[in-house]
Amino acid sequence: MEYYQSEKLSERLYRITEIGGVCCYLVVGDSRACLLDTGCGYGNLREYIETITDKPVFVLLTHGHHDHMGACALFDEVYINPADLPVFTSFGVMEKRLEEAKSFEVLSHFTEKDLVPTRTEKIKPVVDGDVFDLGGITIKMLLVKGHTPGILCPLLVEERTIIFGDACGVGVLLFDEFSSTVSEYRDSLLNLKKYEKDYDRIYRNHGTFSSPKELLDNVIECCDLILAGEDDHQPVSIHGFDLFAAKAVNEHGRIDGKQGNIMYSLEKAR
């Protein structure tokens, strides 16, 4: 079974899409390479990466959800924000990971042996503002607390590209014990806006994988509408949670055609 496909986005940046639809990003510098997230852990991601580059590879996890940390046990050097370690522990439970895999018909035959084991080796800390020099390209990690407490956005400085990932997107989830309130999340987005002049392209890990720059303003607007009690408050069910969409959606996204939305639980609407 072919688990991965890749697309070269620039001379130094690759998008690697896993069966099931989630993607991660590989940044290749002159001296080393960095893998931004590791998908769900289907197949051998490390072997696939070695078909793209022979540079030594380390991993920066944007956050601890299962579809971002799944294959990190295959790599020697892995970083995560310590604030997201409880998320990593909770979502790394093999039973949960297997349940997610079997939700795809093509993977319905999977057993635990078909998944990369959850990492138990040490994970190094990375925090807001940390910079990694790969040789010819640098990555600056920006904290955008909201979806999870320690979620980070990698800014590829010389590429003028930022990976919003799950931190800011077409359907940001603020729903469980790890998520921030809407007002806390709004503060994070306003801080992220300070870097708007430093990037031209926005990439994500799901769906269309890219968004226009107005995405950030649209999600900030969603925060404002929720806090004012003026959002569309459309009931939606996601991953078994009964949530509300700030802007009304259909199967194609926001009904008004714009990108950027928040799916939130009532306890987060403050």
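By convention here, the first residue in the shown sequence is residue 1. Fair warning: this is a prediction, and the values are worked out from it, not measured in the lab.
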So do [Y] and [X] actually touch side chain to side chain, heavy atoms under 4.5 Å?
X	Y	value
Asn44	Val116	no
Tyr264	Asp231	yes
Ile137	Val157	no
Ile52	Ile16	yes
Asp84	Pro149	yes
Val182	Cys223	yes
Val106	Met1	yes

Main-chain N/O of [Y] paired to [X] side chain as donor or acceptor, under 3.5 Å:
X	Y	result
Arg201	Thr161	no
Ser237	Asp242	no
Ser90	Pro86	no
Arg97	Cys40	yes
Glu77	Val57	no
Asp232	Ala248	yes
Asn218	Gln259	yes
Lys247	Val219	no

Counting neighbours of [atom1] on [X] that are heavy atoms of other residues, nucleotides or ligands and sit closer than 6.0 Å, is the number greater than 12?
X	atom1	answer
Glu196	CD	yes
His239	NE2	no
Glu177	CD	yes

Check for me, please, whether [X] and [Y] land in the same ILVMFWY cluster - side-chain distances under 4.5 Å, paths through other members count.
X	Y	result
Phe164	Ile262	yes
Val22	Val172	no
Ile162	Leu190	yes
Leu189	Ile202	yes
Ile139	Leu13	yes

Pair [X] + [Y], salt bridge at N-O below 4.0 Å:
X	Y	answer
Glu11	Lys8	yes
Asp217	Lys193	yes
Arg254	Asp256	yes
Arg186	Asp224	yes

Taking atom types as modelled and ignoring hydrogens, do the side chains of [X] and [Y] form a donor-acceptor contact shorter than 3.5 angstrom?
X	Y	value
Ser183	Thr181	yes
Ser210	Arg204	no
Tyr185	Ser179	no
Gln5	Thr17	no

Residue pairs, two or more places apart or on separate chains, that pass ring pair (Phe, Tyr, Trp, His ring centres under 6.0 Å) and touch residues 125-149: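 Every pair satisfying ring pair (Phe, Tyr, Trp, His ring centres under 6.0 Å) with a residue in residues 125-149: Phe58-Phe132, His63-His147, His65-His147, Tyr79-Phe132.
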Positive for ring pair (Phe, Tyr, Trp, His ring centres under 6.0 Å) with Tyr203, one of Tyr14, Tyr25, Phe209: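 Exactly one candidate clears the test, Tyr25.
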Salt bridge (Lys or Arg N to Asp or Glu O under 4.0 Å) partners for Asp114, two or more places apart: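 Result, salt bridge (Lys or Arg N to Asp or Glu O under 4.0 Å) vs Asp114: none returned.
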Contacts of type salt bridge (Lys or Arg N to Asp or Glu O under 4.0 Å), residue Arg46, not counting sequence neighbours: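 Expected list: Glu50, Asp76.
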Cluster companions of Val87 among Ile, Leu, Val, Met, Phe, Trp, Tyr (side-chain spacing under 4.5 Å):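 Listed partners: Phe91, Phe178.
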Tyr199 six-ring face occupied by Lys213 cation (under 6.0 Å, within 45°):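 Positive - Lys213 is close enough to the ring of Tyr199 and near enough to its axis.
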Pairs flagged by side-chain hydrogen bond (donor to acceptor under 3.5 Å, both in side chains) wherever residues 26-37 is involved - sequence neighbours left out: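 For residues 26-37: Arg12-Asp30, Asp37-Thr62, Asp37-His68.
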side-chain hydrogen bond (donor to acceptor under 3.5 Å, both in side chains) contacts in which one or both residues fall within residues 121-140, not counting sequence neighbours: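 Residue pairs with at least one partner in residues 121-140: Thr138-Glu158.
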Parallel, tilted or perpendicular: rings of Phe104 and Tyr42 (30°, 60°):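 Correct class here is perpendicular.
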